[in-house]
Each structure stands twice: as C-alpha cells, then as structure tokens.
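Report on one structure; see the data block that follows.
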Amino acid sequence: MHTSAKELAAMVPPGFTLGVATAAFQIEGALDEDGRGKAGWDVFSAKPGNIVDGHSPAVACDHYHRMPQDVALMRELGIDSYRFSLSWPRIQPDGSGPVNRAGLDFYDRLLDELLASGISPMVTLYHWDTPLALDEAGGWLNRDTAYRLGEFAAIAAAAYGDRVARWVTINEPATVTTNGYALGLHSPGKADFANGLPTVHHQLLGHGLALQALRAAKVPGEIGMTNVYSPMVPNSANPLDWMSAGAMDVAQNRLYADPVLTGKYPDLVRLGKFFSSFEHPDEDMAVISQPLDFYGLNYYMPTRVAAGGGDSPVPAAMAEAMGDDLSAATPGAPLHIEPWPDTETTAYGWPVKPEYMSVALKEMSERYPNLPPVIITEGGASFEDIIVRDKSTNRSFIPDERRLRYLSDHIGTALRATAPGGEAEGVDLRGYYVWSLMDNFEWSGGYKQPFGLVHVDYETLERTPKASFYWFQELLEERRLLTAAGAAVAAAAVPEEVAPASAVAEAAGVADGGMPDGDAQPLGL
C-alpha cells in the first residue's frame with residue numbers, strides 16, 4: 001500500500017517544490033494558427049507509420065485555445081509550480097530571424113494567468129519541436145542549430161525574463177539523439193547511430209549558449225538543464241552483461257551529464273573509435289560546463305542490459321507501444337535491453353521500480369562531487385484508464401490507483417533517499433514535477449499512452465480529473481496545513497531566555513556533530 005498523502009506531506013522539507021509538467025507540442029495543437037511556423041515534428045508525424053494508429057498532433061489537447069481553463073485546473077490542484085515549454089516555431093517560425101508577435105503574446109498571457117493564480121513558472125526553452133527550416137538544414141547534426149538556440153534564449157529572456165522563476169535550457173538531449181538520430185523513432189526520423197553522434201555535442205553546446213544568453217540578459221530566475229537518467233543493471237552475472245551495462249550507462253547517462261557537470265566527456269567516449277564525433281574547439285567545453293543553479297533529472301525507470309543484439313534493441317512491449325518492432329534498427333548491435341522478470345510494467349512496457357529512484361540519486365551524488373541542487377523535472381507513469389460514469393449525476397470518475405501508487409512510491413523514495421541518513425543524503429533535492437498535468441500526444445506513441453493527472457477526451461476535449469489528481473491535491477493541502485501549523489507554533493513560542501548554544505545542541509542530540517546511518521542499502525552497480 002502506498003504512503004498516504006498525510007504521511008508523505010510530513011516528509012516534504014521546507015521550500016520543496018511540487019509541480020506538474022507539460023510540453024508545447026504535446027498539448028497545444030493549433031499548429032497552423034496565428035503565424036506559427038512548421039516544426040520537424042509536424043512533418044514527421046504526418047508520414048504514415050510514424051505515429052501509433054496514425055494519430056495526429058494537429059489538435060492535441062487544444063491547450064492553445066483552452067489555456068485559461070487548464071490554468072484553472074492547476075489552481076484547483078494547488079501546485080507550487082508549472083513546468084511548460086515554449087514552442088520555438090510559434091515564437092520564431094523559421095528558427096532564426098523575425099519573431100511572431102502572436103506567439104509571444106500567447107505565452108505572455110499564460111505567464112500572467114499563472115502568476116495571478118499563485119503558480120511559479122518553470123520554462124523549458126527546447127522540448128524537441130525544432131523549427132522545420134533548421135531540421136531541413138541538418139537539425140542537431142548542424143552546429144549552427146546550437147547558435148540558433150542561443151538566439152532563441154535571448155528572445156525568450158527579453159520577453160519573459162522578469163516573470164520566470166526557473167529556466168530549463170534543453171530537455172532530454174539523450175532522447176533526441178537516441179530516438180531521433182539513432183533509432184528513427186522520433187523526428188527527424190534518422191536511424192544512423194554512428195553518424196548521429198555529433199548531435200550530442202551540438203545539443204550540449206546549445207544548452208551552454210542558451211545559458212550564456214539568459215545570464216547576459218540578467219534574468220533573475222534560476223537556470224538549469226534536464227536529462228533523463230536510468231540506472232543500468234546487468235541482466236546476469238556474465239561479465240559481458242556487466243560490460244554492456246557499463247557501456248549503456250556511459251551512452252545514456254554520463255555522455256550528457258559528464259560534460260555539463262565535469263567539463264569533459266567520459267574517458268570511454270574520448271578513447272573510443274567515435275571520438276572524432278566529439279572533436280570541437282577547446283572553448284566549447286567551457287561553454288557547456290558553466291555552473292548551473294540546478295540540475296534537472298527526469299526519472300522513470302531502471303534499465304536491464306544484456307550483451308548481444310537479441311531479437312530487438314528493447315523488449316517487445318516497449319517496441320509495440322512506440323509503434324515499431326525495431327528489429328531492423330540496429331543490426332549487429334553489441335547490447336540490448338531485457339524485460340524485468342516478475343515486475344509490474346506501465347502501458348509503455350516500462351518497469352515500475354521506485355527503489356531505483358534512490359539508486360539514480362546516489363549515483364549522481366557519488367559521480368559529481370560538485371553536483372548543484374537537483375530537481376526531478378519529470379516523473380510519472382502511463383496506464384490505461386477506466387472511466388466510471390455515475391448514471392444518477394452523469395459525472396465521470398477515473399480510479400487510477402496504479403498511477404497514484406507510482407507517484408506516491410517515487411516521491412516518497414526520493415524524499416527518504418535525500419533525507420539525513422538516506423543513501424543519497426548528499427543530494428540537495430529541491431522539487432518533483434509530475435509528468436503530466438493531462439493526457440497528451442505522447443510522441444510516436446500518439447494518444448495511447450495517458451500519463452495525465454487529468455483525462456482528456458480527444459473527441460470532446462473535456463477534461464476530467466483522475467483519482468491521482470485528487471490524491472496530489474490532498475498531498476499539497478496536507479503540506480500547506482503542516483507548514484501553517486509549524487509557523488503558528490514558531491510564532492507562539494517566545495522563550496523567556498535564550499539557552500547557551502552548547503545546551504541547545506546537547507538537547508537536540510547533535511553535540512557530537514554526528515548523524516545516524518540509514519538502514520537502506522544502495523542497489524546500484
């Protein structure tokens with residue numbers, strides 16, 4: 001049984017952010033309205049066979065027209081913060097040159113609505129919707145795209161810098177490279193692993209240039225980047241499986257985090273035969289590794305890795321959910337992903353393993369001694385939802401117990417791991433954003449992967465909060481009540497005299513400066 005909202009609220013430290021996240025292309029729709037330019041994803045999703053069941057993002061959740069209604073839902077939910085992305089082609093249709101005033105105005109209205117509702121904005125500059133003109137010029141294979149992202153960051157800073165509390169420069173560069181340029185599952189649909197490697201460096205450079213532009217504009221908000229992190233676990237005791245898990249860890253995790261947090265690529269990459277893909281001017285690494293105000297971690301699952309190509313790079317359930325069996329994607333691959341035995345999976349075929357959240361945080365802490373504060377910028381689960389309709393009231397209810405339990409278990413694990421005595425106590429964890437506010441266009445998975453706290457009927461576009469929405473609402477309310485009670489107690493406590501510092505320390509049980517060790521054992525490699 002999951003931790004109750006009240007119990008979990010008692011674990012939330014002061015100042016911890018609880019929020020929800022979305023991305024522009026997945027919810028906005030209105031792809032051809034008010035001067036928006038085309039994105040590479042517009043073209044990719046229109047090609048038969050690229051999206052499950054031929055689903056189209058043309059309308060999505062219609063957030064572009066229903067934004068005030070969606071902010072009202074967030075206000076009802078009671079969140080601290082909303083993470084959303086700016087549609088690059090809506091603001092700058094060609095990815096360079098003039099801006100589109102109507103696009104700028106939409107996000108002006110969104111920011112004003114959020115602030116009027118007491119919701120702090122976290123803005124992602126790039127969440128995969130590359131303007132088509134840039135994609136046609138090579139996309140992230142072209143170094144120039146990094147400079148265009150820097151230019152876009154300057155535009156966003158000038159327009160919104162006074163109202164944004166936190167900025168994310170780029171979202172999940174690992175997914176863009178792997179799915180977009182190695183497997184061909186995402187836009188731009190290229191399946192060429194070796195020749196796609198330059199996209200790694202160019203995205204990281206784009207991050208650095210965007211960060212420079214934001215800092216040059218003196219935005220008051222904090223600045224970070226975000227990447228997905230998956231602990232890698234060998235499928236067996238076979239040394240080849242251990243080597244494969246280590247290689248996958250480098251390719252999925254360290255290839256993106258090391259340059260940002262240490263200023264250099266992993267040794268295995270720099271010594272490997274693909275090193276030429278990462279040759280670059282010396283000053284690039286200084287741009288990429290500028291200090292961050294926070295590091296964003298998207299955590300969904302661990303990965304079980306085995307040597308050899310197997311029948312497919314990923315388990316059949318995952319491939320089916322993405323609409324491609326992938327059997328021909330990487331012929332002769334040196335490794336593949338195995339399913340977890342006897343483990344619950346999401347509708348995407350992802351294993352539900354909340355205990356590995358602490359492994360991810362512990363590994364980050366151990367690898368990066370100067371790790372900045374960490375925010376879980378995405379976490380959530382796709383499950384098929386059952387809609388129950390009360391005939392007497394004609395109201396719908398969605399009892400999504402599995403999603404509710406997933407969130408409770410993962411948030412609780414993160415809080416316990418980073419609390420004093422936890423296995424990742426060295427991590428300064430500042431927040432958790434649920435993916436996602438509402439069901440949406442889940443890239444190649446179309447509309448068959450509902451992650452939302454709110455159900456969207458794609459025929460009527462009616463929004464229906466799920467049980468997980470009301471659970472998260474309860475968590476936020478219980479946290480507020482505890483905070484208010486603590487403040488009231490503190491205000492009422494007026495000591496007659498101040499005790500010596502040594503006596504206070506002794507009474508608190510910390511005179512020796514020690515801290516008890518936790519019982520949890522790390523599960524990492």
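Owing to the predicted nature of the structure, the values given are computational and were not obtained by experimental measurement.
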Problem set entry | side chain to side chain contact (heavy atoms under 4.5 Å, CB included) evaluation trace for Phe16 with Tyr432 | CA-CA 8 Å; Phe16 191 87; Tyr432 190 106; 4.1 Å; yes
Salt bridge check, [Y] against [X]: does any charged N sit closer than 4.0 Å to a carboxylate O?
X      : Y      : answer
Asp249 : Arg254 : no
Arg83  : Glu378 : yes
Glu384 : Arg403 : no
Arg463 : Asp439 : no

Counting C-beta onward and ignoring hydrogens, is there a side-chain heavy-atom pair between [X] and [Y] closer than 4.5 Å?
X      : Y      : answer
Lys353 : Met301 : no
Leu476 : Arg479 : yes
Val20  : Tyr433 : no
Val176 : His186 : no
Phe472 : Leu77  : yes
Val388 : Pro399 : yes

Nearest non-hydrogen partners of [X] and [Y], listed with the distance:
X      : Y      : value
Pro121 : Arg163 : CG-O, 3.5 Å
Thr3   : Leu8   : CG2-N, 3.7 Å
Met285 : Pro259 : CE-CB, 3.7 Å
Leu209 : Val287 : N-CG1, 3.7 Å
Ile337 : Pro315 : O-CD, 3.4 Å
Gln449 : Ser382 : OE1-OG, 2.7 Å

How many angstroms lie between atom [atom1] of [X] and atom [atom2] of [Y], to the nearest 0.5 angstrom?
X      : Y      : atom1 : atom2 : value
His63  : Leu437 : NE2   : CG    : 8.5 Å
Met357 : Leu415 : CE    : CG    : 9.0 Å
Trp41  : Asp129 : CH2   : CG    : 10.5 Å
Ile398 : His455 : CD1   : NE2   : 5.0 Å
Leu125 : Leu214 : CG    : CG    : 5.5 Å
Arg166 : Ser81  : CZ    : OG    : 6.5 Å

Is the backbone N or O of [Y] less than 3.5 Å from a side-chain atom of [X], with the two atoms forming a donor-acceptor pair by type?
X      : Y      : result
Ser117 : Ile119 : no
Glu425 : Gly421 : yes
Tyr126 : Thr169 : no
Trp435 : Asn298 : no
Asn179 : Leu185 : no
Thr175 : Pro173 : no
Glu423 : Lys362 : no
Asp80  : Thr17  : no
Asn227 : Gly296 : no
Thr178 : Ala174 : yes

For this session: Identify which one of Val233, Leu361, Thr413 satisfies the side-chain contact (heavy atoms from CB on, under 4.5 Å) criterion when paired with Tyr356.
Result: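 Of Val233, Leu361, Thr413, side-chain contact (heavy atoms from CB on, under 4.5 Å) with Tyr356 is met by Val233 alone.
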Exercise. Taking Ile27 as the fixed residue, which of Cys61, Ser436, Ser85, Pro57 is the one that meets the side-chain contact (heavy atoms from CB on, under 4.5 Å) rule?
Worked result: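 It is Cys61, the one option of Cys61, Ser436, Ser85, Pro57 that forms the side-chain contact (heavy atoms from CB on, under 4.5 Å) with Ile27.
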Problem set entry | Parallel, tilted or perpendicular: ring planes of Trp443 versus Phe441, cut at 30 and 60 degrees |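 If you compare the ring of Trp443 with that of Phe441, the planes turn out perpendicular.
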Exercise. According to the interplanar angle, ranging from 0 to 90°, do the rings of Phe451 and Tyr300 count as parallel (below 30°), tilted (30 to 60°) or perpendicular (above 60°)?
Worked result: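 Ring orientation of Phe451 relative to Tyr300: perpendicular.
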Exercise. Are Phe294 and Trp167 close enough that their ring centres sit under 6.0 Å apart?
Worked result: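 For Phe294 and Trp167, the ring centres are not under 6.0 Å apart.
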Problem set entry | Aromatic ring proximity, centroids under 6.0 angstrom, Phe25 and Trp88 |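 No - the distance between ring centres of Trp88 and Phe25 does not fall below the 6.0 Å cut-off.
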Exercise. Going by the salt bridge (Lys or Arg N to Asp or Glu O under 4.0 Å) test, which pairs reach into residues 286-308, not counting sequence neighbours?
Worked result: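 Sorted pair list: Arg215-Asp293.
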Problem set entry | side-chain hydrogen bond (donor to acceptor under 3.5 Å, both in side chains) partners for Arg402, two or more places apart |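 With sequence neighbours excluded, Arg402 shows a side-chain hydrogen bond (donor to acceptor under 3.5 Å, both in side chains) to no residue whatsoever.
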Problem set entry | Intermediate values then yes/no, side chain to side chain contact (heavy atoms under 4.5 Å, CB included), Tyr265 and Asp258 | CA-CA 6 Å; Tyr265 285 103; Asp258 281 19; over 6 Å; no
For this session: Determine, stepwise, if the pair Tyr348 / Met318 fulfils side chain to side chain contact (heavy atoms under 4.5 Å, CB included).
Result: CA-CA 5 Å; Tyr348 243 138; Met318 292 188 193; over 6 Å; no
Exercise. Thr377 and side chain to side chain donor-acceptor pair (under 3.5 Å): which partner among Asn171, Thr226, Thr124?
Worked result: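 In the set Asn171, Thr226, Thr124, the residue that makes a side chain to side chain donor-acceptor pair (under 3.5 Å) with Thr377 is Thr226.
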Examine the side chains of [X] and [Y] and answer whether a donor and an acceptor come within less than 3.5 Å of each other.
X      : Y      : value
Tyr82  : Ser120 : no
Tyr229 : Glu363 : yes
Thr177 : Gln203 : yes

For this session: Test His410 against Leu407 for side chain to side chain contact (heavy atoms under 4.5 Å, CB included), laying out the working first.
Result: CA-CA 5 Å; His410 283 74; Leu407 293 171; over 6 Å; no
For this session: List for me each residue that meets ring pair (Phe, Tyr, Trp, His ring centres under 6.0 Å) alongside Tyr181, sequence neighbours excluded, and say none if there are none.
Result: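 With sequence neighbours excluded, Tyr181 shows a ring pair (Phe, Tyr, Trp, His ring centres under 6.0 Å) to no residue whatsoever.
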